[in-house]
Every structure is written in C-alpha cells, then in structure tokens.
Amino acid sequence: MKRALTIIAIILAADQFLKIYIKTHFAIGYEKPLIGNWLLLHFIENNGMAFGLELGGSWGKILLSSLRILLVGGIGILIYNLIKTKQKTGVIACFSLIFAGAVGNIIDSLCYGLLFSESSPITVATLLPESGGYSTALHGKVVDMIYFHAQWPQWMPWIGGNEVFPHVFNIADAAITTGVLTLIVFH
C-alpha cells in the first residue's frame with residue numbers, strides 16, 4: 001500500500017507542479033528548449049482527451065470528466081484489491097501510474113477553469129484571479145507541455161521527414177502510457 005501511495009503522490013506532485021508553473025509562466029504556444037532542439041517545453045491546452053480528441057460541447061466535457069472520475073474510482077478499488085490479495089508489486093505499480101495520471105488530468109478538468117484566468121498566445125494565466133476563473137467546474141482545460149521534436153530520417157520510405165511523435169503531452173499522460181504499455185508487455 002505504501003509503495004502505491006508513494007508512486008501516486010510523486011506523479012501527482014510532479015504533474016501538478018509542472019502544470020501550474022507552465023500555466024502561470026508561459027503564454028499558449030510559448031516554447032523553451034530543455035535538451036537541444038529536440039526536447040522542448042511547449043505550452044498548449046486541450047479540451048478533451050488524448051491527442052486533442054473531445055466529445056462535443058459543454059455536455060460532452062461533463063460526460064468525459066464524469067466518466068474519468070468513475071474510471072478512476074474503479075481503478076482505485078482495483079489497486080486496493082490487488083494490494084489486499086498480495087499481487088505482484090509491478091502490477092500494482094502499473095495501475096498506480098495509470099491512477100495517478102488519470103487523477104492528474106481530472107484535476108485540470110475539475111479545477112483549472114475555476115482557479116486560473118484564461119491563457120492565450122499573448123497572456124499568461126493568473127492563479128486565483130480577482131475576476132474568477134475562465135470556466136466552471138468540470139470544464140477546465142488540460143495543460144500539456146512536453147514535446148519531442150524529432151523527425152524520421154529522409155531516406156525512410158513513407159515516413160521519412162515526418163515527426164516521430166507530433167503530440168504534446170504532460171507527466172500524467174506519460175504515467176498512464178507507461179503503466180498501460182508495461183502491463184501489455186510484461187503482464
């Protein structure tokens with residue numbers, strides 16, 4: 001139980017710290033190189049789910065956020081049962097990564113619209129603005145900022161010159177992906 005809680009706490013703390021820093025220091029589209037020209041902090045926001053997909057309109061956002069909350073509750077119960085039945089530490093760690101990542105993105109949807117002013121290409125958001133947040137509960141945007149700028153070599157058929165992974169993501173997304181891929185590969 002202690003290991004699962006430690007993983008969850010570390011992922012959530014790192015995810016929220018970086019998201020809040022980016023939201024309060026970067027305008028939309030601003031980028032800063034981290035390692036050379038291929039690992040960048042590049043601030044975007046996303047209304048929906050992975051790869052910018054979304055369910056339409058206000059009710060779609062509420063439905064998506066509600067489904068996320070239900071799924072996270074189910075994963076929490078699953079982790080508890082895995083611990084209770086003394087399952088392998090690796091399996092518990094994978095589900096803890098998925099849980100932490102999902103909670104990290106739920107926090108954005110649930111709270112960020114209430115806590116921050118609107119971000120734009122020319123303005124940086126303010127935490128707890130006097131005029132109130134940019135949206136209501138469950139309508140916040142998810143903050144994404146990690147971008148690998150790498151291209152396939154030109155000589156490769158069909159994919160040469162294209163970006164290897166053209167999407168911008170966050171620590172929560174990376175935790176979910178790591179947990180899921182590890183379960184698929186090893187368990």
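Atom set for the values below is all heavy atoms of this structure, side chains included, hydrogens, waters and symmetry mates excluded.
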Option among Ile69, Leu71, Leu138 that satisfies the side chain to side chain contact (heavy atoms under 4.5 Å, CB included) test with Ile106:
Ile69
One should read off an interatomic distance between Leu97 CG and Thr177 OG1, to the nearest 0.5 angstrom, of 10.5 Å
To the nearest 0.5 Å, atom CG of Asp144 lies from atom CD1 of Ile171 at 11.5 Å
Aromatic ring proximity Phe169/His167, centre distance under 6.0 Å:
no
What pairs of donor and acceptor atoms, side-chain ones from residues 6-20 against any protein atom, are under 3.5 angstrom apart with sequence neighbours left out?
| from | atom 1 | to | atom 2 | distance (Å) |
| --- | --- | --- | --- | --- |
| Thr6 | OG1 | Lys2 | O | 2.8 |
| Asp15 | OD1 | Lys19 | NZ | 3.4 |
| Asp15 | OD1 | Ala172 | N | 3.1 |
| Asp15 | OD2 | Lys19 | NZ | 2.9 |
| Gln16 | OE1 | Tyr112 | OH | 2.5 |
| Gln16 | NE2 | Gly104 | O | 3.1 |
| Gln16 | NE2 | Asp108 | OD1 | 3.3 |
| Lys19 | NZ | Gly104 | O | 3.3 |
| Lys19 | NZ | Asn105 | OD1 | 3.0 |
| Lys19 | NZ | Asp108 | OD1 | 3.2 |
| Lys19 | NZ | Asp108 | OD2 | 3.1 |

Does Leu70 have more than 12 heavy atoms from other residues, nucleotides or ligands lying within 6.0 Å of its CG?
yes
Side chains of Val142 and Asn47: does their closest heavy-atom pair fall under 4.5 Å?
no
Distance to the ring centre below 6.0 angstrom and angle to the axis at most 45 degrees; does that hold for Lys141 and Phe116?
no
Just so I know, are the side chains of Thr89 and Arg3 near enough to count as touching, which here means a heavy-atom distance under 4.5 Å?
yes
Student check: side-chain heavy atoms of Glu31 and Leu41 closer than 4.5 Å
no
What's the shortest heavy-atom distance between Gly36 and Pro33, and which atoms?
O-CB, 3.3 Å
Main chain of Thr126, side chain of Ser117: is a donor-acceptor contact present, judged purely on distance under 3.5 Å?
yes
Taking Val72 as the starting point, is it possible to reach Ile77 by hopping between hydrophobic residues whose side chains are less than 4.5 Å apart?
no
Between CH2 on residue Trp152 and CG on residue Asn162, distance to nearest 0.5 Å:
10.0 Å
Has the side chain of Asn170 got a donor or acceptor atom that lies under 3.5 Å from a matching backbone atom of Met145?
no
Kindly compute the distance separating CZ (Phe148) from NE2 (His42), expressed to the nearest 0.5 Å.
14.5 Å
Quick one: pull up SG in Cys94 and NZ in Lys88 and give me the separation to the nearest 0.5 Å.
11.5 Å
Are Ile184 and Ile98 linked, directly or through intermediate hydrophobic residues, by side-chain heavy-atom contacts shorter than 4.5 Å (ILVMFWY only)?
yes
Looking only at heavy atoms, the pair that brings Ile92 and Gln87 closest together is CD1-O, 3.6 Å
Ser119: which of Phe43, Tyr134, Phe26 passes side chain to side chain contact (heavy atoms under 4.5 Å, CB included):
Phe43
Do side-chain atoms of Thr136 reach the backbone of His139 as a donor and acceptor pair under 3.5 angstrom?
no
Examine Ile107 and Leu114 and state if one hydrophobic cluster contains both, with Ile, Leu, Val, Met, Phe, Trp and Tyr joined whenever side-chain heavy atoms are less than 4.5 Å apart.
no
Aromatic plane relationship, His25 with Tyr21 - under 30° parallel, 30 to 60° tilted, over 60° perpendicular:
parallel
Leu181: hydrophobic cluster co-members (side-chain, 4.5 Å):
none
Other hydrophobic cluster members with Val168, side-chain heavy atoms of Ile/Leu/Val/Met/Phe/Trp/Tyr under 4.5 Å, chained?
Leu40, Ile44, Tyr147
Minimum heavy-atom distance between Ile79 and Phe99, given as atom pair plus value
CD1-CB, 3.7 Å
